[in-house]
Engineer: 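Quick one: the structure is below, questions incoming.
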Amino acid sequence: MKQTTVVQHVQEQEKKFLGATGELASLMNEILAGAKIISLELNKAGIGGDILGATGTRNVHGEAVQKLDDLANSTFLSIISKSGTVCAITSEEMENPVIVPPEQAGKYIFMMDPLDGSSNIDVNVSTGTIFSIYRKKSPGDKVTDQDLLQKGADQVAAGYVVYGSSTMLVYSSGHGVHGFTLDPSLGDFILSHPDIRIPEQGNIYSVNEGNTENWGDKQKKFISYLKEKDRASGRPYKARYIGSFVSDFHRNLLKGGIFMYPSDAKNPSGKLRFEFEAGPMAFIVENAGGRASTGSERILDITPTDIHQCVPLYIGSRFDVEAAEEFLRN
Ligand code: AHG
Ligand code: MN
Ligand code: MN
């Protein structure tokens, strides 16, 4: 049986659709190198060493930084900044962008949530890495806001790695969504889920229902609607919430359903970050036939005004996200 690796797959996509410079395949190869290191570290977390737990500091979002957040951030940063394919890197864990010196720079901007769901590491629950790739737009060597604050729809590629019962990479370069599973004996990611399509409707909803008292009435009504009995429309839906966005998203991508992090009294713009979480996953879900919205606006139509901007998020099966939008309108 012929096995396809990620790099072969990206090279093919570049040839067919993107103009074959090989730079995207080469960047993807570096992302995989980082992902393999993190995957191994997570596999042995807890055995000796001093790798679990918090660093005692807080990131720009006010969240407790875990040691593995730092490790993932510095691992991807050092590998990717030397890859010759990017001119700037932004990260959920870094207040400011890292600008690559022009002599080592390439044409892409790389954005990452190095370790998503990191509060789940200590309890052996799946985590992930999310990334997004844009092209440098401004002329000359200088990296400007035109490069760092781009409209979601202008992504060249986006993907995530899920460190779960197996380690998987899922990516899109705008032509389908493709999943690869890490074969630990080979150290290679092998195509296992070609051309993923999200079901048009699911029967799962994923939201932190502990926040109910902070929600607005329309959000409360939508969740009540999903819990009503109505066999014809497949209700009640099942509740599934891991608290690792990558894992919740991955399950819903394969099975169908809706993930939400709505606006609430504590977080009027929701909790998830446009550049590191909502934007890349919106690019993936749309390429799989799904939908992503703030409730009133398509996520990919947003141009952020700040690297760390948050947006309310409704993402998943087309029908389910449209139903949420309908509730939030009325
Ligand atoms: P991160 O670990 O990168 O900070 O992200 C955590 C995010 C996301 O993974 C998850 O869906 C959400 O936070 C969970 O938030 P609540 O605990 O507020 O439900
Ligand atoms: Mn995250
Ligand atoms: Mn994170």
Side-chain angles (χ1 to χ4, degrees), residues 31 34-35 38-39 41-42 45 52-55 57-77 89-95 110-132 158-164 170 204-215 219 223 239-253 257-282 284-285 292 299 307-316:
I31 298 170
I38 302 310
S39 182
E41 290 297 339
L42 289 169
L52 289 179
T55 58
T57 57
R58 292 194 173 265
N59 68 13
V60 58
H61 301 277
E63 299 158 339
V65 177
Q66 304 296 313
K67 289 178 191 159
L68 277 159
D69 282 324
D70 264 357
L71 181 76
N73 189 63
S74 57
T75 301
F76 284 110
L77 187 63
I89 300 176
T90 64
S91 163
E92 184 187 278
E93 298 300 338
M94 302 188 299
E95 186 169 359
F110 184 75
M111 304 182 181
M112 62 172 164
D113 176 352
L115 199 56
D116 171 74
S118 53
S119 66
N120 276 323
I121 304 163
D122 292 4
V123 289
N124 205 357
V125 170
S126 301
T127 53
T129 296
I130 310 173
F131 61 88
S132 168
Y160 62 85
V161 181
V162 52
Y163 309 103
V170 175
I204 292 174
Y205 75 96
S206 312
V207 71
N208 185 342
E209 236 170 321
N211 292 332
T212 304
E213 282 315 303
N214 287 325
W215 292 341
Q219 173 66 25
I223 300 299
R240 293 284 185 276
Y241 190 73
I242 297 171
S244 287
F245 179 41
V246 169
S247 317
D248 278 311
F249 177 87
H250 183 66
R251 180 201 54 242
N252 293 5
L253 179 71
I258 180 169
F259 174 96
M260 299 161 249
Y261 213 109
S263 146
D264 64 34
K266 251 179 42 203
N267 307 293
S269 299
K271 177 180 177 188
L272 299 188
R273 282 92 358 176
F274 172 80
E275 285 200 350
F276 313 123
E277 290 160 323
M281 293 310 214
I284 291 169
V285 90
I299 296 287
I307 290 172
H308 294 282
Q309 181 175 325
C310 293
V311 285
L313 180 63
Y314 296 81
I315 188 167

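Atoms within each ligand, like the ligands themselves, are counted from 1 in listed order.
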Engineer: Flag the pair Lys67 and Glu93 as a salt bridge only when some basic side-chain nitrogen lies within less than 4.0 angstrom of an acidic carboxylate oxygen.
Structural biologist: no

Engineer: Taking atom types as modelled, is there a side-chain donor on Asn252 or Tyr205 under 3.5 Å from an acceptor on the other?
Structural biologist: no

Engineer: Work out the angle at the Mn ion (ligand 2) between OD2 of Asp113 and OD1 of Asp116, rounded to 10°.
Structural biologist: 100°

Engineer: So which protein heavy atom does atom 7 (C) of ligand 1 come closest to, and at what separation?
Structural biologist: Leu272 CD2, 3.8 Å

Engineer: Closest N/O/S atom of Glu277 to the Mn ion (ligand 2), by atom name?
Structural biologist: OE2

Engineer: Show the nearest heavy-atom pair for residues Pro312 and Pro268, with the distance to one decimal.
Structural biologist: CG-O, 4.3 Å

Engineer: Heavy atom under 4.0 Å from ligand 1: found in Tyr261's side chain, backbone, both, or neither?
Structural biologist: side chain

Engineer: Which bit of Phe259 is near ligand 1, meaning a heavy atom under 4.0 Å away: side chain, backbone, both or neither?
Structural biologist: side chain

Engineer: Atom 15 (O) of ligand 1: which protein heavy atom is closest, and how many Å away?
Structural biologist: Lys271 NZ, 2.9 Å

Engineer: Can you list the ligand 1 atoms lying under 4.0 Å from a non-hydrogen atom of Glu92?
Structural biologist: 1 (P), 3 (O), 4 (O)

Engineer: List the closest protein heavy-atom neighbour of atom 4 (O) of ligand 1: residue, atom name, distance to the nearest 0.1 Å.
Structural biologist: Glu63 OE1, 3.2 Å

Engineer: State whether the side chain of Thr55 and the backbone N or O of Val65 hold a donor-acceptor pair below 3.5 Å, judged by distance alone.
Structural biologist: yes

Engineer: Using only atom types and a distance under 3.5 Å, with no angle test, would you say the side chain of Asn208 pairs donor to acceptor with the backbone of Tyr261?
Structural biologist: no

Engineer: Taking 4.0 Å as the limit for heavy-atom contacts, which would you say applies to Arg273 with ligand 1: side chain only, backbone only, both, or neither?
Structural biologist: side chain

Engineer: So that I know where these two stand, are His308 and Phe274 an aromatic pair - ring centroids less than 6.0 Å apart?
Structural biologist: no

Engineer: Under 4.0 Å, heavy-atom basis, I'd like to know which part of Leu115 is in contact with ligand 1: side chain, backbone, both or neither.
Structural biologist: backbone

Engineer: Determine whether the side chain, the backbone, both or neither of His61 has a heavy atom under 4.0 Å from any heavy atom of ligand 1.
Structural biologist: neither

Engineer: Under the criterion side chain to side chain contact (heavy atoms under 4.5 Å, CB included), I'd like the reasoning laid out for Leu71 against Phe76: C-alpha separation, chi angles, the key distance, then a yes or no.
Structural biologist: CA-CA 9 Å; Leu71 181 76; Phe76 284 110; over 6 Å; no

Engineer: Around atom 10 (C) of ligand 1, find the nearest protein heavy atom and jot down its residue, atom name and distance.
Structural biologist: Gly243 O, 3.4 Å

Engineer: Apply side chain to side chain contact (heavy atoms under 4.5 Å, CB included) to residues Ile89 and Leu77 and explain how you reach the verdict.
Structural biologist: CA-CA 7 Å; Ile89 300 176; Leu77 187 63; 3.8 Å; yes

Engineer: Going by the atom numbers of ligand 1, which of them fall below 4.0 Å from some non-hydrogen atom of Phe245?
Structural biologist: 8 (C), 9 (O), 10 (C), 11 (O)

Engineer: Measure across Asp116 and Phe245 and return the closest heavy-atom pair with its distance rounded to 0.1 Å.
Structural biologist: OD2-N, 3.1 Å

Engineer: Run Asp69 and Asn59 through side chain to side chain contact (heavy atoms under 4.5 Å, CB included) and show every step you take.
Structural biologist: CA-CA 10 Å; Asp69 282 324; Asn59 68 13; over 6 Å; no

Engineer: Could you identify the single nearest non-hydrogen protein atom to atom 5 (O) of ligand 1 and state the distance to 0.1 Å?
Structural biologist: Asp116 OD1, 3.3 Å

Engineer: Are any of the N/O atoms on Gly117, whether in the backbone or the side chain, positioned under 3.5 angstrom from an N/O atom of ligand 1?
Structural biologist: yes

Engineer: Has Phe276 got an N/O/S atom less than 2.8 Å from the Mn ion (ligand 3)?
Structural biologist: no

Engineer: Under 3.5 Å between some N or O of ligand 1 and some N or O of Ser244?
Structural biologist: no

Engineer: Considering non-hydrogen atoms of the protein only, which is the closest contact for atom 14 (C) of ligand 1, and what is the distance?
Structural biologist: Tyr241 OH, 3.2 Å

Engineer: Relative to the ring of Phe110, is the ring of Phe131 parallel (under 30°), tilted (30 to 60°) or perpendicular (over 60°)?
Structural biologist: parallel

